[in-house]
Amino acid sequence: MIRMGIIKVLKTQLLCHLIICYVFLISGFIVNLLQLCTLPLWPINKQLARKINCRLGYSISSQLVALLEWWSGTECSLYTDPESYSLYGKENAIVVLNHNFEIDFMAGWTICERFGVLGSSKVLAKKELSFVPVIGWMWYFLEIVFCKRNWEVDRKNVVQSLRNLRDYPENFWFLLHCEGTRFTEKKHKISMEVAEKKGLPKLKYHLLPRTKGFWMTVQNLRGKVTAVYDSTLNFRNNEMPTLLGVLNGKKYHADLYVRRIPLDSVPEEESECAAWLHKLYQEKDEFQEHYTRTGRFPGPITSPPCRPWALLNWLFWVCLLVYPLFRLLLQLLLSGSISTVVCTFVFCFAVSVGIRWMIGQTEIEKGSNYGNKEVQLNNN
Ligand SMILES: CCCCC/C=C\C/C=C\CCCCCCCC(=O)SCCNC(=O)CCNC(=O)[C@H](O)C(C)(C)COP(=O)(O)OP(=O)(O)OC[C@H]1O[C@@H](n2cnc3c(N)ncnc32)[C@H](O)[C@@H]1OP(=O)(O)O
Ligand SMILES: CCCCCCCCCCCCCCCCCC(=O)OC[C@@H](O)COP(=O)(O)O
């Protein structure tokens with residue numbers, strides 16, 4: 001009991017956070033560098049280069065999974081039917097997920113890890129994320145599809161990036177947050193005004209989905225991808241988890257509801273496909289309503305087994321990097337030179353600010369204005 005208390009307090013200590021962040025950053029830069037080294041391989045053996053990059057990418061993203069699973073002890077329950085369960089990880093799929101939480105990407109990655117598709121998982125992500133050190137740079141080599149959330153610009157680039165995935169050598173899940181931005185009350189209100197104008201039923205728990213990205217993805221990955229995984233994520237007890245909470249060792253419980261829908265049943269024609277997606281979001285809204293009322297999703301519940309690889313990868317980097325860090329810091333601080341000591345402190349401070357900025361990328365209150373003004377634009 002006392003030991004548990006000490007561990008809990010330890011997890012809230014700034015020094016622990018600095019060490020975790022330091023390991024993440026340095027290992028991330030090393031992996032980014034190794035990814036850069038694979039560039040000459042691409043024209044010679046593209047498939048091999050892709051496979052190597054999947055494993056290198058895994059080494060970065062699995063650290064955040066390890067943080068969630070092992071450091072914070074967060075649990076993930078999956079509501080799905082057993083028939084579909086047996087196909088997860090064995091086919092390519094488009095994942096349609098609600099976008100309400102700051103750590104929904106970590107919960108998504110955790111499920112990917114449990115089904116063995118973490119290294120190869122893909123997403124249609126906003127362009128701004130490609131500039132985030134370590135993760136954004138890693139994504140460039142993993143052929144993540146970036147969009148500017150401006151259809152005129154995106155229609156060409158996104159189609160090309162999607163087509164590139166048609167001969168991808170590993171099974172992948174392609175994540176789409178069709179709402180295009182994270183849920184806020186203001187964005188919800190505006191998007192429901194758009195829904196009203198378009199004569200669409202109102203949604204209570206979701207923003208009105210943007211349909212073009214979904215249509216483009218379905219159109220270009222048809223034949224490569226066999227199913228849409230309609231996924232709805234919630235955290236128990238109305239928690240709104242944060243990355244800082246996870247870093248502080250706070251335990252959450254994620255509930256994920258996944259429905260497997262064969263891709264053949266998604267219409268090909270654009271307006272029919274858009275109508276299909278709007279209907280899907282109305283159903284997703286009903287599942288959320290069910291969850292709010294009963295505290296669970298419909299169907300059987302499972303906990304896909306947690307694998308040790310994310311933790312082992314993390315421990316590997318900790319063992320490799322922590323000792324040299326302490327030695328270097330000690331050497332610098334004991335150098336006897338005031339300017340060296342000052343520079344060391346300034347450098348550490350700058351790195352901490354950088355890390356805080358990266359964490360800020362996950363925070364809803366620092367989110368974009370996308371979805372806040374469309375109605376005014378349409379009215380002009
Ligand atoms: C099973 C477990 C999970 C597994 C996880 C798997 C993989 C994990 C992998 C990685 C994890 C990392 C996660 C990182 C997450 C990062 C996610 C993001 O960055 S989300 C943001 C980027 N993505 C998207 O935006 C996708 C959805 N968007 C679209 O599809 C858009 O259509 C677009 C292609 C981006 C184009 O954008 P644009 O703004 O130009 O949109 P539209 O043309 O659609 O907009 C005009 C259209 O919309 C109507 N409108 C106006 N205002 C609104 C409003 N507020 N809400 C809704 N609609 C609005 C407007 O009237 C126009 O209508 P119409 O089309 O009829 O003319
Ligand atoms: C072991 C790990 C140590 C942790 C150290 C800190 C690392 C910080 C990691 C930062 C990771 C950044 C990845 C960002 C993924 C965030 C995805 C996201 O949710 O983006 C928001 C967009 O979808 C929509 O944007 P908005 O329009 O809502 O704005």
Side-chain angles (χ1 to χ4, degrees), residues 17 20-25 27-28 60-68 71 76 78 88 93 95-97 99 101-112 115 117-118 120-129 132-136 139 142 144-155 158 172-184 187-188 190-195 197-198 207-217 229 231 233 243 246-247 256 258 271 274 314 317 355-364 366-375 377-378:
H17 303 163
I20 290 172
C21 291
Y22 158 81
V23 169
F24 176 74
L25 214 57
S27 63
I60 294 178
S61 38
S62 69
Q63 288 186 46
L64 284 144
V65 170
L67 190 77
L68 189 75
W71 181 260
C76 295
L78 184 64
Y88 298 156
V95 176
V96 175
L97 185 64
H99 204 10
F101 304 102
E102 294 187 356
I103 63 158
D104 50 20
F105 75 99
M106 289 173 89
W109 270 346
T110 301
I111 297 294
C112 287
F115 290 99
V117 289
L118 177 59
S120 55
S121 64
K122 309 271 171 264
V123 58
L124 176 56
K126 61 175 181 179
K127 181 76 185 157
E128 294 86 327
L129 291 175
V132 175
V134 179
I135 301 252
W139 276 348
L142 292 176
I144 293 301
V145 182
F146 292 107
C147 64
K148 293 211 161 150
R149 295 187 285 188
N150 177 344
W151 176 239
E152 288 315 313
V153 183
D154 289 335
R155 66 190 320 160
V158 171
F172 65 84
W173 290 352
F174 189 94
L175 173 66
L176 266 174
H177 288 297
C178 296
E179 291 158 272
T181 187
R182 281 159 305 178
F183 187 102
T184 66
K187 289 180 182 181
H188 180 245
I190 291 173
S191 85
M192 286 309 104
E193 285 168 18
V194 177
K197 277 190 188 172
K198 290 188 170 184
L207 306 179
L208 188 69
R210 314 270 181 159
T211 55
K212 291 196 177 75
F214 177 74
W215 171 65
M216 241 183 330
T217 308
Y229 294 167
S231 310
L233 177 70
L243 183 48
V246 173
L247 212 49
L256 183 71
V258 183
S271 60
W314 203 24
W317 285 114
I355 288 273
R356 187 62 191 86
W357 175 82
M358 284 169 75
I359 292 173
Q361 297 304 303
T362 66
E363 292 172 353
I364 294 176
K366 294 191 184 134
S368 73
N369 251 333
Y370 183 73
N372 265 342
K373 351 179 246 266
E374 261 86 340
V375 166
L377 288 177
N378 287 345

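All ligand and atom numbering here is 1-based and tracks the order in the structure. Positions are given from 1, in the same order as the sequence printed here. Atom set for the values below is all heavy atoms of this structure, side chains included, hydrogens, waters and symmetry mates excluded.
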If I apply the N/O under 3.5 Å rule, does [X] come out as touching ligand 1?
X: R149; value: yes
X: L124; value: yes
X: Y370; value: yes
X: S231; value: no
X: K126; value: yes

Against ligand 1, does [X] come closer than 4.0 Å with any heavy atom?
X: E152; answer: no
X: F172; answer: no
X: E179; answer: no
X: L207; answer: no
X: W109; answer: yes

Open item on the list: Let me confirm one number: the CD1-CG distance from I135 to L129, rounded to the nearest 0.5 Å.
Closed with: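 Result: 9.5 Å between the selected atoms.
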Open item on the list: Regarding atom 55 (N) of ligand 1: of the candidates M216, R210, K187, E193, which has the closest heavy atom?
Closed with: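 Nearest heavy atom to atom 55 (N) of ligand 1 lies in R210.
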Open item on the list: Only heavy atoms of K122, strictly under 4.0 Å: list the atoms of ligand 1 that pass.
Closed with: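 Listed by number with element, the hits are 7 (C), 9 (C).
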Open item on the list: Measuring centre to centre across the rings, with the benzene-like ring taken for any Trp, is F101 within less than 6.0 Å of F183?
Closed with: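 Centroid distance F101-F183: not below 6.0 Å, so no.
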Open item on the list: Using the salt bridge (Lys or Arg N to Asp or Glu O under 4.0 Å) criterion, which residues pair with K127? Sequence neighbours excluded.
Closed with: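 So K127 forms no salt bridge (Lys or Arg N to Asp or Glu O under 4.0 Å) with any residue.
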TODO: Answer side chain, backbone, both or neither: which part of F174 comes under 4.0 Å from ligand 1, heavy atoms only.
DONE: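 F174 to ligand 1: no contact under 4.0 Å from either part.
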- [ ] Check the angle between the aromatic planes of W71 and W314 and answer parallel, tilted or perpendicular using the 30° and 60° thresholds.
- [x]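 Perpendicular, since the angle between the ring planes exceeds 60°.
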- [ ] For K122 and L142, indicate whether the former's side chain and the latter's backbone hold a donor-acceptor pair under 3.5 Å.
- [x]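 Looks like yes, one N/O pair under 3.5 Å.
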Give every pair formed by an N or O atom of ligand 2 and a protein N or O atom closer than 3.5 Å, one pair per line with both atom names and the distance to 0.1 Å, or write none.
from, atom 1, to, atom 2, distance (Å)
ligand 2, 23 (O), H99, NE2, 2.6
ligand 2, 25 (O), K126, NZ, 3.0
ligand 2, 27 (O), R149, NH1, 2.9
ligand 2, 27 (O), T181, OG1, 2.6
ligand 2, 27 (O), S368, OG, 2.5
ligand 2, 28 (O), T181, OG1, 3.1
ligand 2, 28 (O), R182, N, 3.0
ligand 2, 28 (O), R182, NE, 2.9
ligand 2, 28 (O), R182, NH2, 3.4
ligand 2, 29 (O), K126, NZ, 3.1
ligand 2, 29 (O), R182, NH2, 3.2
ligand 2, 29 (O), S368, N, 2.7
ligand 2, 29 (O), S368, OG, 3.4

TODO: Applying side chain to side chain contact (heavy atoms under 4.5 Å, CB included), name anything that partners A195, two or more places apart in sequence or on another chain.
DONE: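 Expected list: M192, L200, L208.
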Sequence neighbours excluded and cut-off under 3.5 Å, please list the side-chain donor-acceptor pairs for residues 356-364, or say none.
from, atom 1, to, atom 2, distance (Å)
R356, NH1, E363, OE2, 3.2
R356, NH2, E363, OE2, 3.0
T362, OG1, I359, O, 2.6
E363, OE1, K366, NZ, 2.8

